[in-house]
> 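Please read through the structure below; I'll follow up with questions.
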Amino acid sequence: MSRKKTPKNKGGSVPAASTLPTAANRSRLACSRTARPGPEALPKGPPQSGRPSLGGTGDFYDVAFKVMLVGDSGVGKTCLLVRFKDGAFLAGTFISTVGIDFRNKVLDVDGTKVKLQIWDTAGQERFRSVTHAYYRDAHALLLLYDITNKDSFDNIQAWLTEIQEYAQQDVVLMLLGNKVDSTQERVVKREDGEKLAKLFAGVWAAVHGNQRKDRPQRGLGFHSHS
Ligand SMILES: Nc1nc2c(ncn2[C@@H]2O[C@H](COP(=O)(O)OP(=O)(O)OP(=O)(O)O)[C@@H](O)[C@H]2O)c(=O)[nH]1
């Protein structure tokens, strides 16, 4: 596999006219939580082999995947991404993401350089139409809920309906129960998360199982993030 070098800009941010931060919310922007225009990065299809992409890290890579973080506002999508990318936890005041943003990270998996282009979406309802457009190019979706927030768990069903409508049928899905450090405030039991994941893995397989015989069966995995 040939190795390409990505351009030297970090998770790009080009505000879209339709999602430009207003005067009211501009002051809430932080951590590169920026609105972006329509999808133009990794095209859908099999993982990209040695392609340069938008917002590179300057690292070489063999294969690239587009991953999206979705879930209610406040479940911890941005913090998870920042933690994964930079190893730091964003403590302090909660500042909601505006629109959509991404970060790249290259990992070494058994000698193969895997570039993940991870898209952080806004959980707020008003940005939903912006994020819908990005689903169809995603290879994987991480669907988060907050174990201290029952609503965010109850809304998983609605998120799955949205994913079924806008994402590719063979997208890899993972359900994550976030904020497990807040044991005192936990209101969603781990077993309930596992049960939901199993239930929807079954539903997903029943709906999409026979449609792509050329690809391995996808389902909804469950993972509890700490
Ligand atoms: N205790 C705890 N708090 C967390 C964790 N992850 C995020 N938070 C807090 O939860 C709040 C929301 O986190 P964000 O990452 O901004 O949430 P988000 O899902 O990106 O929200 P939107 O951008 O509105 O969609 C912040 O105050 C974080 O500090 C975690 O693992 N544990």
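One-based numbering, in listed order, for ligands and for the atoms of each.
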> Enumerate the atoms of ligand 1 whose separation from the nearest heavy atom of Gly123 is less than 4.0 angstrom.
22 (P), 25 (O)

> Between Ser152 and Asp146, do the side chains contain an N or O donor and an N or O acceptor separated by less than 3.5 Å?
no

> Determine whether any heavy atom of Asp72 lies closer than 4.0 Å to an atom of ligand 1.
yes

> Which is closest to atom 7 (C) of ligand 1 by heavy-atom distance: Ala122, Cys79, Gly74, Gly71?
Cys79

> Output yes when the distance from some N or O of ligand 1 to some N or O of Leu80 is under 3.5 Å, and no in every other case.
no

> Once you restrict to heavy atoms under 4.0 Å, what part of Asn178 touches ligand 1? Side chain, backbone, both or neither.
side chain

> For ligand 1, is any non-hydrogen atom under 4.0 Å from Thr78's backbone (N, CA, C, O), its side chain (CB onward), both, or neither?
both

> In the structure I gave you, are the side-chain heavy atoms of Asp192 and Leu196 within less than 4.5 Å of one another anywhere?
no

> Taking only heavy atoms of Ser73, which atoms of ligand 1 are found under 4.0 Å from at least one of them?
21 (O), 22 (P), 24 (O), 25 (O)

> If you measure from each non-hydrogen atom of Ser182 to ligand 1, which part falls under 4.0 Å: side chain, backbone, both or neither?
side chain

> Quick one: are Glu162 and Arg128 in side-chain contact, heavy atoms under 4.5 Å?
yes

> Is there a polar contact between ligand 1 and Gln124, counting only N or O atoms under 3.5 Å apart?
no

> Is there a side-chain hydrogen bond (donor to acceptor under 3.5 Å, both in side chains) between Thr97 and Thr78? Walk through the geometry before answering.
CA-CA 8 Å; Thr97 301; Thr78 302; 2.9 Å; yes

> Regarding ligand 1, does Asp120 bring an N or O atom to under 3.5 Å of one of the ligand's N or O atoms?
no

> With heavy-atom distances below 4.5 Å as the criterion, would you say the side chains of Ile163 and Tyr135 are in contact?
yes

> Does the side chain of Leu176 come within less than 4.5 Å of Leu69's, by heavy atoms?
no

> In the structure I gave you, are the side-chain heavy atoms of Asp120 and Arg103 within less than 4.5 Å of one another anywhere?
no

